[in-house]
S.K.: 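Quick one: the structure is below, and I'll ask about it shortly.
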Amino acid sequence: MRTIRDLIAAFPSESPHSAYVAQHGALPLYVSWGATIGITPKGKIVEWSTEGDYEGLRPADPSWVISALVQGSKKWPALTALIPPRPPTAHTCPDCHGTGRIHGVPENIADGVGCSCRGVGWIEPQVEERRSMLSRLRDRLPRLRRRDGP
């Protein structure tokens with residue numbers, strides 16, 4: 001994909017990720033504590049260790065692909081076209097109410113806190129049935145605050 005190849009070529013050399021971009025030839029989409037998920041010019045979603053846990057590239061965990069594309073599209077809007085469209089059977093995410101972001105999370109860390117919808121604002125019915133641990137925790141927070149005080 002020419003767009004990805006162009007984004008890789010224009011990746012800022014002053015970035016702390018530039019050495020990985022040069023080494024792996026992939027654009028970083030989602031940076032976590034020990035690994036980064038990126039996309040190659042051929043459109044493969046891959047990950048690499050930033051802590052030396054393993055060498056080279058490996059396929060990204062499929063459960064993280066959409067989250068990585070959502071995060072990457074915030075920096076590079078052209079990648080939005082790679083995010084799967086909302087299926088007709090999908091429901092608005094009950095955790096973020098369709099925004100893709102958990103309410104109440106401070107803006108400065110919001111991108112690092114994933115919603116059960118993976119940032120797209122919708123979830124498919126079978127996923128909705130298995131409410132996320134995060135939403136269950138959110139539901140319990142008011143009770144914990146009452147018990148522990150302000």
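Not measured: the values here are computed from a predicted model. All values below were derived from every heavy atom in this structure, side-chain atoms included, with hydrogens, water molecules and symmetry-related copies excluded.
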S.K.: Quick one: closest heavy-atom pair of V70 and G119, and the distance?
M.R.: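 For V70 and G119, the tightest heavy-atom pair comes out as CG1-O, 3.8 Å.
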S.K.: Just grab all the side-chain hydrogen bond (donor to acceptor under 3.5 Å, both in side chains) pairs involving residues 12-25, residues at least two apart or on different chains.
M.R.: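 Every pair satisfying side-chain hydrogen bond (donor to acceptor under 3.5 Å, both in side chains) with a residue in residues 12-25: there are none.
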S.K.: Residues two or more places apart in sequence or in another chain: which of them pass side-chain hydrogen bond (donor to acceptor under 3.5 Å, both in side chains) with S63?
M.R.: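 S63 satisfies side-chain hydrogen bond (donor to acceptor under 3.5 Å, both in side chains) with D61 only.
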S.K.: Can you name the residues that form a side-chain hydrogen bond (donor to acceptor under 3.5 Å, both in side chains) with D6, not counting sequence neighbours?
M.R.: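 Checked D6 against side-chain hydrogen bond (donor to acceptor under 3.5 Å, both in side chains); zero matches.
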S.K.: Can you list every side-chain hydrogen bond (donor to acceptor under 3.5 Å, both in side chains) pair that touches residues 31-53, not counting sequence neighbours?
M.R.: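 Those involving residues 31-53 are E47-Y54, E47-R58.
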S.K.: With rounding to the nearest 0.5 Å, note down the distance linking OG1 in T3 to CG in L79.
M.R.: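 So the gap between those two atoms works out to 8.0 Å.
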S.K.: Out of curiosity, does I4 fall in the hydrophobic cluster containing V31 (side-chain heavy atoms, cut-off under 4.5 Å, transitive links)?
M.R.: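 Per the 4.5 Å side-chain linkage, V31 and I4 are not co-clustered.
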S.K.: Does W64 share a hydrophobic cluster with W76, counting links as ILVMFWY side-chain heavy atoms below 4.5 Å and allowing steps through other members?
M.R.: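 Hydrophobic grouping puts W64 with W76.
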S.K.: The criterion is ring pair (Phe, Tyr, Trp, His ring centres under 6.0 Å); which residues satisfy it with W122, sequence neighbours excluded?
M.R.: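 Expected list: none.
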S.K.: Compare all side-chain heavy atoms of D95 with those of C117 and state whether any distance is below 4.5 angstrom.
M.R.: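 The answer is no; the side chains never approach within 4.5 Å.
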S.K.: Between L57 and L69, is there a shared hydrophobic cluster once you connect ILVMFWY residues whose side-chain heavy atoms come closer than 4.5 Å?
M.R.: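 Different clusters.
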S.K.: Quick check against the 3.5 Å criterion: does R86 have a side-chain atom that pairs as donor or acceptor with the backbone of A90?
M.R.: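 Present.
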S.K.: When rounded to the nearest 0.5 angstrom, what is the spacing between CZ in F11 and NZ in K75?
M.R.: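 Answer for the CZ-NZ pair, F11 versus K75, is 6.5 Å.
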S.K.: In the structure I gave you, are the side-chain heavy atoms of V46 and I39 within less than 4.5 Å of one another anywhere?
M.R.: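 They are not in side-chain contact.
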S.K.: Give the minimum heavy-atom separation between V21 and I8, together with the two atoms involved.
M.R.: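 In terms of heavy atoms, the two residues are closest at CG1-CG2, 3.8 Å.
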S.K.: Are L27 and I83 connected into the same hydrophobic cluster when the rule is that any two of I, L, V, M, F, W, Y join if their side-chain heavy atoms are below 4.5 Å apart?
M.R.: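 In one cluster with I83: L27, yes.
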S.K.: Find the distance between SG (C96) and CZ (R118) and round it off to the nearest 0.5 Å.
M.R.: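 Here the interatomic distance stands at 11.5 Å.
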S.K.: What pair of heavy atoms forms the shortest contact from C115 to G100, and how long is it?
M.R.: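 Closest approach of C115 to G100: CB-O, 4.0 Å.
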S.K.: In the structure I gave you, are the side-chain heavy atoms of I45 and L29 within less than 4.5 Å of one another anywhere?
M.R.: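 Side chain of I45 against side chain of L29, heavy atoms only: contact under 4.5 Å found.
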S.K.: Which heavy-atom pair separates P84 from I66 by the least distance, and what is that distance?
M.R.: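 So the two residues come closest at CG-CD1, 3.9 Å.
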